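Notes for the one structure printed next.
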Amino acid sequence: MKMLMFHTDFVEYEPVEREGRVFEEAETGRRRFEDVILALTTVEEGDDETTVNKAVSELKDYSSKIGNRRVLIYPYAHLSNNLATPEKALETLRILREKCRAEGMEVYTSPFGWTKALSLSVKGHPLAEQFRSISPGATGAGYVPKALMMEEKIRSFWYILTPSGELVPVESFDFSGYDGLRALATYEMAKSRAVSEIPPHVDLMKRLEIADYEPGSDLGNMRWPAKGRLIKSLIEQYVTEKVIEYGGMEIETPIMYDIRHSCLESYLNRFPARQYVVKSDDREFFLRFAACFGQFLMAHDMQISYRHLPVRLYELTRYSFRREKSGELVGLKRLRAFTMPDVHALCADIQQAKEEALRRFDLSVGVLEGIGLTKDDYEMAIRFTRDFYESNRDFVVDLVRRFGKPALVEMWEERFFYFVLKWEFNFIDNLRKASALSTDQIDVENAERYGITYVDQFGNKRHPIILHCSPSGAIERVVYALLEKAYRIYKEGGKPMLPVWLSPTQVRLIPVSDKFVEDCILLCEKLETERIRADVDDRLETVEKKVRDAETEWVPYVIVFGKKEKESNVFQVRDRASNSIRQMTVEELVYEVSSKSAGKPYKKLSLPKRLSQRPSFR
RNA sequence: GCCCCGGUAGCUUAGCCCGGUAUAGCGGCGGCCUUGUAAGCCGCAGGCCGCGGGUUCGAAUCCCGCCCGGGGCUCCA
């Protein structure tokens, strides 16, 4: 819909003759309106109730801005080359008039379907002329897909499923001893994601120079200084290695897709998330909110035999984009641009899908474990349709048994989404808010939508079942979980830290005077050849100050280096994890750090070894 | 969209009620100290007190408008 609005001294029109088969009855003669808003209105193809509502609020807005509630809605076919049918246009205009009246505006009309003589006088202030282009899609408030609107209509039934297979309605489950699960249930059933306090990780991510807000970007698009980039990059690399070990084939796909692409358009409407839209000439592209599109479009073109199944495609998206509501965005918990490992598995049938899903469940538990999050840190939610549950009860119970703790169940009477089952691991933070980490879904719809097929043993083309899994969840969110966990430990009286393999500095060397700086540099280089990140605090500060700074930076191993160390080669190592000072040789230290990082990727810290050479990012 | 709170140095912040152009810490810079396991000492620089207007002899402070941020409501994988 297009609307050209004028704040006028007066408008006069006179119906001259009817134009087509669709028209409204009209009195002949001249009509005059003083001091009204004239809204020349064009109804376009695709306009619906949403468009009308937006138009009403635009009109209302304008009317209150200029302090005039008298509006003349004037049908005007010349603002678009993509007109709705006359029947549709007239109906839409009628709804528009009614809604404007209901909003308290004084609405005047001119008849649809007539050639009219028109004269007007527009007031001479800057707001007197306004144009609005309103579409159900990209512009303005953004694209709100049908799935999102449908969500509120879904009826959910909530249960707790125990590892022994008991399905208990949530209200009669005894939560004593299951604090995290209680928090998850409360959080999920309330469906509220708004943030009321600032969670502790926000302060930590800034102070530790891990991540920060970028005022020059949109909300929820973060910047990552050197230490944060290292941590994030190591986790990315680790997850990728684990997925490749599991059998994922790593690929890369574009970040933006044509909004009018036939498969994507209908998928957009089935996926409950808001999109960023990029305009380029006359085309509109949405930024991907998951890796699905790229992988599905690729799978569509692949030649797949039943012998290849399950086919596992993997991509780590940097980034995926979702225009989450501003009130939900805080720190690293929920972002508008995030890094998402996403592995799809194409499976022959439901039987194979179930087997594969169990493998991926174990993969997810293993990945989180490697990152430093155990089952004590998260709770499982599992969602499915009643049909699926009734015919696959053993499988569902098997998932919960593998998890080993009762899980929250959301059951739907009907299938609203493209999946029949979905599970996630939810991290519970210090404010008792939940957010999903690992997840997997059993998708029974998209293979057909995207034309993805495999050939079975009889030569027939079939649509596979697709599993969608993120074994860790968004990488940023993993960092959030690690920081929140560290804070929890701190609150309970422990020393907060990151796992050794993720600590930007693993070993900090503190020379007692500048005479020992060179020795420290040498030792530092030796440690580096053993793939250990070490640095030297050569600043002109006291030893006490440097120890304190190393502690507030969460450095796992700190060595004060002086005459004794130079002579004996034995160190008093301040070990953060055990909160004690341990006597160790270089070899013992190397062995300990290496074993704590075993099986994990290694990367150098891209900051100068000498702390005196390091700028602060804050 | 509506409601509440906020915006003072790179960061954290005092002052605002009750008008007299601003406080401190961290960080930065310079100097002294050459250091043994959680903050050594001294000094210096750094401020359109969010923006615009008003009241006043005089505004960070009072009034009006706006902008930005946070939160609430609403909405919501």
Side-chain angles (χ1 to χ4, degrees), chain A residues 53-54 56-58 60-61 64-65 103 140-142 144-145 147-154 156 187-188 190-198 202-203 206-207 209 212-213 215-216 219 270-274 289-290 322-331 334 381 383 410 412 416-419 422-424 426 434-436 439 441 468 470 473-474 495 508-517 537-555 557-566 571-576 579-582 612 614-618:
Chain A
N53 290 339
K54 284 186 198 167
V56 173
S57 72
E58 289 288 354
K60 204 178 144 192
D61 231 44
S64 70
K65 217 174 262 169
E103 288 292 328
V144 180
L148 210 53
M149 301 197 276
M150 228 162 54
E151 257 212 334
E152 62 186 293
K153 297 182 187 138
I154 297 177
S156 301
Y187 185 75
E188 280 297 321
K191 285 278 179 208
S192 170
R193 307 252 190 273
V195 180
S196 51
E197 285 173 73
I198 298 175
V202 175
D203 214 42
K206 293 183 185 179
R207 194 172 61 67
E209 294 189 356
D212 207 340
Y213 300 115
L219 299 169
R270 292 290 273 167
F271 198 98
R274 294 171 189 77
F289 44 87
R322 298 184 194 180
R323 282 188 10 127
E324 304 288 6
K325 290 212 160 181
S326 56
E328 300 176 351
L329 301 170
V330 65
R334 208 172 180 79
R383 302 155 206 269
E410 179 175 13
W412 298 303
F416 291 96
F417 301 111
Y418 52 76
F419 49 81
K422 169 188 182 182
W423 62 256
E424 330 103 33
N426 289 277
S435 38
T439 178
Q441 304 169 352
H468 302 232
S470 182
K495 281 207 169 184
R508 164 75 41 88
L509 303 175
I510 300 179
V512 291
S513 81
D514 52 12
K515 290 198 276 291
F516 299 100
V517 170
D537 193 345
D538 62 332
R539 295 173 305 162
L540 285 169
E541 299 286 352
T542 59
V543 171
E544 288 88 341
K545 174 70 182 286
K546 294 182 196 177
V547 169
R548 179 183 157 85
D549 286 349
E551 291 281 355
T552 56
E553 262 187 73
W554 299 2
V555 176
Y557 299 97
V558 179
I559 294 171
V560 174
F561 191 103
K563 198 167 165 225
K564 282 179 271 175
E565 286 70 20
K566 184 168 178 156
F571 305 115
Q572 306 297 321
V573 180
R574 184 177 260 264
D575 172 18
R576 186 173 184 82
N579 195 18
S580 63
I581 293 184
R582 296 161 55 202
S612 67
R614 263 181 211 181
S616 153
F617 280 88
R618 292 199 71 203

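Being a predicted model, the structure only gives us computed values, none of them experimental.
For B:C26 and B:A38, the C1' atoms lie 16 Å apart once the distance is rounded to whole Å. Atom C1' of B:A9 sits at a distance of 39 Å from the matching atom of B:U74, rounded to the whole Å. Between the C1' atoms of B:U23 and B:A14, the separation comes to 5 Å (whole Å). Between B:C48 and B:G7, the two C1' atoms lie 15 Å apart (nearest whole Å). Comparing B:G19 with B:G58, their P atoms sit 15 Å apart, to the nearest whole Å. On the P atoms, B:U8 is 10 Å away from B:C51, given to the nearest whole Å. For B:U34 and B:G40, the C1' atoms lie 12 Å apart once the distance is rounded to whole Å. For the C1' atoms, the distance linking B:C62 with B:C49 amounts to 16 Å, nearest Å.
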field: Strand RNA chain B in bracket notation, Watson-Crick/G-U under 3.5 Å with | for pairs to another chain
entry: (((((((..(((.......[...))).(((((.......))))).....(((((..]....))))))))))))....
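Qualifying salt bridge (charged side-chain N to carboxylate O under 4.0 Å, His left out) partners for A:E553, counting only residues two or more places apart in sequence or in other chains: A:K227, A:R508. With sequence neighbours excluded, the residues forming a side-chain contact (heavy atoms from CB on, under 4.5 Å) with A:D575 are A:Y557, A:A577, A:S578, A:R582, A:E592, listed by chain and number. Remark: A:R207 engages A:L204, A:T552, A:W554 in a side-chain contact (heavy atoms from CB on, under 4.5 Å) (not counting sequence neighbours).
Under a 4.0 Å N-O distance rule, the pair A:K422/A:E410 does not qualify as a salt bridge.
Put simply, the side chain of A:Y213 reaches to within 4.5 Å of the side chain of A:K206, judged on heavy atoms. Residues A:R539 and A:D549 are in side-chain contact: their nearest non-hydrogen atoms beyond the backbone lie under 4.5 Å apart.
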Report, one pair per line, the protein and nucleotides 5-12 of chain B atoms (nitrogen or oxygen only) whose separation is under 3.5 Å.
none

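Of the possible polar contacts, one joining the A:E209 side chain to the A:F617 backbone as a donor-acceptor pair under 3.5 Å is found.
Rounded to a whole Å, the CG atom of A:D537 is 14 Å from the P atom of B:A39. A:E209 places its CD atom 11 Å from the C1' atom of B:G27, with the value rounded to the nearest Å. Taking atom OH of residue A:Y213 and atom C1' of nucleotide B:C68, one finds them 15 Å apart after rounding to whole Å.
The 12-atom threshold is not exceeded at CG of A:D203, counting heavy atoms of other residues, nucleotides or ligands nearer than 6.0 Å. Other residues, nucleotides and ligands contribute only 12 or fewer heavy atoms inside 6.0 Å of the NZ atom of A:K566.
Heavy-atom minimum distance, A:P511 versus A:D537: CD-O, 3.3 Å. The two residues A:S156 and A:W412 come nearest to each other via the heavy atoms OG-NE1, 3.3 Å.
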- line: Counting primed atoms, P, OP1 and OP2 as sugar-phosphate and everything else as base, the B/S/- map of nucleotides 33-38 of chain B against protein heavy atoms under 4.0 Å is -BBBBB
